[in-house]
Number of protein chains: 4
Amino acid sequence: MTDPKGSRTKTVGSKRQRLMVATAQVVHRQGVERTTIADIARAADVPVGNVYYYFKTKDELVVAALGEHARHLRTLTDGLDRLADPRERLKGLVRAWVSQRDLAARYGCPTGTLAVELDKRDDGGLDAEAGRVIRLLLDWVEQQFRELGLADPGGLALTLVGAYQGMSLLANALRDPDVMTTQGERLLAWLDSLGGAPPAGDPA
Amino acid sequence: MTDPKGSRTKTVGSKRQRLMVATAQVVHRQGVERTTIADIARAADVPVGNVYYYFKTKDELVVAALGEHARHLRTLTDGLDRLADPRERLKGLVRAWVSQRDLAARYGCPTGTLAVELDKRDDGGLDAEAGRVIRLLLDWVEQQFRELGLADPGGLALTLVGAYQGMSLLANALRDPDVMTTQGERLLAWLDSLGGAPPAGDPA
Amino acid sequence: MTDPKGSRTKTVGSKRQRLMVATAQVVHRQGVERTTIADIARAADVPVGNVYYYFKTKDELVVAALGEHARHLRTLTDGLDRLADPRERLKGLVRAWVSQRDLAARYGCPTGTLAVELDKRDDGGLDAEAGRVIRLLLDWVEQQFRELGLADPGGLALTLVGAYQGMSLLANALRDPDVMTTQGERLLAWLDSLGGAPPAGDPA
Amino acid sequence: MTDPKGSRTKTVGSKRQRLMVATAQVVHRQGVERTTIADIARAADVPVGNVYYYFKTKDELVVAALGEHARHLRTLTDGLDRLADPRERLKGLVRAWVSQRDLAARYGCPTGTLAVELDKRDDGGLDAEAGRVIRLLLDWVEQQFRELGLADPGGLALTLVGAYQGMSLLANALRDPDVMTTQGERLLAWLDSLGGAPPAGDPA
DNA sequence: GATGAATGAGCGTTCATTCAT
DNA sequence: GATGAATGAACGCTCATTCAT
């Protein structure tokens with residue numbers, strides 16, 4: 001009661017934060033339907049009754065989890081943006097995917113599997129929410145292809161991201177992380193083969 | 001005794017059959033967790049209590065649904081096997097996928113999305129079951145690549161099937177059937193580009 | 001179809017009989033409530049749907065099982081009645097009880113435990129039915145005590161049968177057949193101690 | 001903070017308590033299998049769904065009911081322990097049994113009948129639980145016989161407790177409370193007849 | 001008589017959400 | 001803001017009994 005308010009605000013913030021992170025993790029592992037509010041509360045170390053102070057419904061928690069995934073994605077692309085060559089950025093993205101191969105083999109892509117589960121519902125646009133996060137990734141990838149001067153960058157983005165979702169799904173269904181490794185190498189080779197000429201600054 | 005006995009057997013068979021088909025359809029649309037036995041019973045026009053005469057648990061119904069998907073797959077590949085050229089068979093497969101674009105955009109690949117949902121559970125090897133059906137598809141595709149005389153037919157199979165799962169997932173997440181069309185065309189072009197020389201019988 | 005009818009009648013009879021015996025056994029082991037008609041049908045090797053041709057309800061099967069127990073009891077007392085001395089008959093009865101110690105330690109007295117379960121119900125006098133079988137035993141025991149010339153033979157019968165029910169229950173609850181052995185010996189000694197003078201043929 | 005917090009704790013405690021008491025009573029009257037959670041909830045005046053906040057399963061409720069019986073037993077023996085003479089303690093126990101004759105004639109001994117029902121199951125050691133409560137009674141009785149200086153106090157305890165269980169069962173099966181009275185008197189006389197000499201402090 | 005199949009009421013249990021303090 | 005407790009609507013599953021042949 002005598003604590004400076006700042007700390008309390010921070011406590012509240014960290015509780016919200018903890019709930020978002022916990023939801024993202026637990027839902028990734030168990031799926032939305034098999035995850036109970038109690039599961040999330042336990043993982044976040046928040047009393048069950050208190051969850052509803054921060055999130056009005058379970059769906060709101062799921063939306064928040066998607067926000068977490070978007071944030072992770074942003075962190076990743078921000079790091080890659082520091083690379084000068086767009087092709088290297090894309091290859092860095094693929095390498096990041098491959099580095100998560102064990103998690104993918106066990107639980108699939110966090111955003112992709114969430115999208116699959118949410119797309120089975122008709123209720124309030126929760127399903128669209130997952131699409132939005134995937135769209136973020138598509139947009140960033142498309143931008144790289146555009147900077148490479150390649151034709152149909154949007155189509156290429158769909159191909160690359162689709163390949164990632166597909167290989168994650170197969171690795172998961174077959175419970176085999178090697179799928180991520182071998183298909184990741186294929187993607188790297190494919191990226192290298194695209195558009196022989198560097199897009200810019202090429203001396204004659 | 002002189003009645004055509006087939007009728008009774010057929011009645012029984014059709015009820016089991018109806019339940020399997022209904023499960024496959026309803027689960028494709030709603031997911032396993034959001035599908036109740038009552039949903040399935042209604043869709044199959046079977047009294048709720050009677051479902052358990054044919055399937056002891058809900059999980060058994062899901063396994064049966066996977067069996068339905070395997071059966072459909074088999075029907076499809078059997079048809080394609082009548083084509084002489086393995087490359088044409090694979091292209092026929094891709095065209096079959098694209099023809100299902102609206103369903104894919106709304107509910108994803110029946111087997112793939114089921115695999116995603118089942119892989120979130122630890123209990124009895126139900127999850128492996130979905131992997132097995134996907135493996136059937138992979139094996140058939142691999143065989144076609146092998147007949148084409150291409151190197152690493154297994155890796156190519158993973159690439160093709162992965163591309164299908166990925167584009168289905170994206171079409172579903174973005175609610176856009178066009179993804180199936182454009183990415184399908186990419187796959188057709190890719191198949192045509194593989195292994196310039198026909199595998200056999202090429203005159204000099 | 002061409003069999004002599006006699007055999008079929010016998011088949012019917014043996015089916016009824018098999019159902020009664022199966023019910024008695026299965027109910028002794030599992031209790032009434034935990035025994036399903038399917039359990040009984042399986043144990044009797046009778047198709048489920050056919051059970052209702054012989055017994056209109058599950059309760060009727062339980063009554064029939066009580067009849068089986070009454071029949072067994074009658075067989076036992078008929079054998080003991082061949083002994084000349086009533087005291088020896090009673091001691092024979094006790095020895096018969098002790099010989100069943102392993103069954104008693106596992107499942108209790110068939111009639112006693114059935115009475116306990118049925119007495120928890122208010123519906124149609126099924127509960128009284130079990131009391132009737134126990135009454136048969138009490139009456140026979142009372143008659144032996146009467147022939148011994150002992151006072152209050154009815155009270156003595158309650159004591160002896162009560163001791164049997166009590167030791168069966170304890171052996172069962174403690175899962176210890178030795179209870180039957182040691183308490184049986186106590187009963188034998190007690191019987192020997194009753195009414196010093198033989199009831200008849202005593203020379204002056 | 002300054003509120004009498006006891007009230008909340010007491011409320012929680014009383015709800016658990018009410019559920020235990022209600023379970024003990026209802027199960028005594030109806031048996032475990034014929035008692036539904038709704039029955040117990042109604043008797044305890046607790047909403048059905050709330051029962052599971054206090055007890056995870058029906059079996060846990062049954063264990064709690066056995067605990068209630070153990071507690072009652074303890075209260076009874078604690079009272080009897082205030083008597084100086086072990087023989088009087090045992091006679092007091094018998095008189096307590098007889099005083100419950102109407103309940104016994106209607107529903108049998110609460111612990112004994114519960115033991116009978118539970119012993120029909122193989123699942124988790126719930127059956128052993130009932131044996132443990134009976135063992136508490138046996139141990140106390142044995143101690144009294146030991147203090148009386150009698151040989152084989154354990155065997156005597158089995159005899160006394162067995163007689164109680166037997167007469168309860170017969171009173172119940174015959175729906176006759178008089179069985180409790182007359183057999184109770186027999187037990188009192190038997191106790192008086194044991195070991196002519198007082199165990200200690202006998203003046204020469 | 002014999003039999004597999006049908007039927008529906010009911011039970012134990014779960015869980016998102018709300019409430020009282 | 002924080003919290004244990006409360007609530008009730010479902011859901012999966014069982015089973016005695018009935019039905020159609």
Side-chain angles (χ1 to χ4, degrees), chain A residues 1 5 8-9 11-12 15-16 32-41 46-61, chain B residues 1 3 5 7-9 11-13 15-16 33-41 46-61, chain C residues 1 5 8-9 11-12 15-16 32-41 46-61, chain D residues 1 3 5 7-9 11-13 15-16 33-41 46-61:
Chain A
M1 301 292 185
K5 282 187 187 166
R8 190 152 80 169
T9 305
T11 301
V12 168
K15 263 191 181 178
R16 248 193 93 87
V32 175
E33 299 294 338
R34 294 178 82 90
T35 296
T36 69
I37 298 286
D39 287 339
I40 293 169
V46 168
V48 193
N50 201 9
V51 171
Y52 283 84
Y53 179 76
Y54 297 97
F55 299 93
K56 262 198 294 281
T57 63
K58 188 181 178 184
D59 279 1
E60 272 191 22
L61 273 166
Chain B
M1 299 295 183
D3 295 348
K5 286 272 267 323
S7 68
R8 187 156 81 174
T9 305
T11 300
V12 168
K15 226 163 185 185
R16 249 193 92 89
E33 300 291 339
R34 294 178 81 89
T35 297
T36 70
I37 298 288
D39 288 339
I40 294 169
V46 167
V48 191
N50 198 14
V51 172
Y52 286 88
Y53 184 80
Y54 296 96
F55 299 92
K56 266 197 290 282
T57 62
K58 188 182 176 181
D59 278 2
E60 271 192 23
L61 274 166
Chain C
M1 300 296 183
K5 282 190 188 164
R8 190 153 79 168
T9 304
T11 301
V12 166
K15 260 192 183 177
R16 247 192 94 87
V32 174
E33 299 293 338
R34 294 177 83 88
T35 296
T36 69
I37 298 286
D39 287 338
I40 294 169
V46 168
V48 193
N50 201 10
V51 171
Y52 283 85
Y53 179 76
Y54 297 96
F55 299 93
K56 260 197 294 280
T57 64
K58 188 181 179 183
D59 279 1
E60 272 191 24
L61 272 165
Chain D
M1 295 295 185
D3 295 350
K5 285 273 266 327
S7 67
R8 188 158 77 172
T9 306
T11 300
V12 168
K15 227 163 182 185
R16 248 193 93 89
E33 300 293 339
R34 294 177 81 88
T35 297
T36 70
I37 298 287
D39 288 338
I40 293 169
V46 167
V48 192
N50 199 14
V51 171
Y52 285 87
Y53 183 79
Y54 297 96
F55 299 93
K56 264 196 292 279
T57 63
K58 188 181 178 183
D59 278 3
E60 271 192 24
L61 274 166

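Fair warning: this is a prediction, and the values are worked out from it, not measured in the lab. Proteins get letters first, then strands, A, B, ... in listed order; numbering begins at 1 in each.
Not counting sequence neighbours, B:Glu60 has no partner by the salt bridge (charged side-chain N to carboxylate O under 4.0 Å, His left out) test. With sequence neighbours excluded, no residue forms a side chain to side chain donor-acceptor pair (under 3.5 Å) with D:Thr57. Listed by chain and number, the residues in a side chain to side chain donor-acceptor pair (under 3.5 Å) with B:Asp59 are B:Arg121 (sequence neighbours excluded).
Secondary-structure stems of DNA chain F, taken as three or more successive Watson-Crick or G-U wobble pairs (i with j, i+1 with j-1) under a 3.5 Å distance threshold, comprise E:2-21 with F:2-21.
Here the CZ-CG distance, from A:Arg16 to A:Leu61, works out to 9.0 Å after rounding to the nearest 0.5 Å.
Going from atom CG of B:Asn50 over to atom P of F:dG12 covers 16 Å, rounded to whole Å. Rounded to whole Å, atom C1' of F:dC13 lies 18 Å from atom OH of B:Tyr54. One atom, CZ of B:Arg34, and another, P of F:dA9, lie 19 Å apart when rounded to the nearest Å. D:Arg16 has its CZ atom 16 Å from the C1' atom of F:dA6, to the nearest Å.
Contact between the side-chain N/O atoms of D:Lys15 and the OP1/OP2 oxygens of F:dA6 is found at a separation under 4.0 Å. Residue A:Tyr53 places none of its side-chain N or O atoms closer than 4.0 Å to OP1 or OP2 of F:dT3.
Of all the heavy atoms in D:Asp39 and D:Thr35, the pair that sits closest is OD2-CA, 3.7 Å. Nearest approach of B:Pro47 to B:Ala41, heavy atoms of both residues: C-CB, 4.4 Å.
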Q: For nucleotides 9-14 of chain E, just jot down a letter per nucleotide in 5' to 3' order: B, S or -, based on protein non-hydrogen atoms under 4.0 Å.
A: --SSBB
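When each of F:dT7, E:dA6, F:dA2 is scored by its nearest atom to the side-chain atoms of D:Pro47, the top-ranked nucleotide is F:dT7.
Side-chain atoms of A:Lys58 and A:Ile40, non-hydrogen and from C-beta on, never get closer than 4.5 Å to each other.
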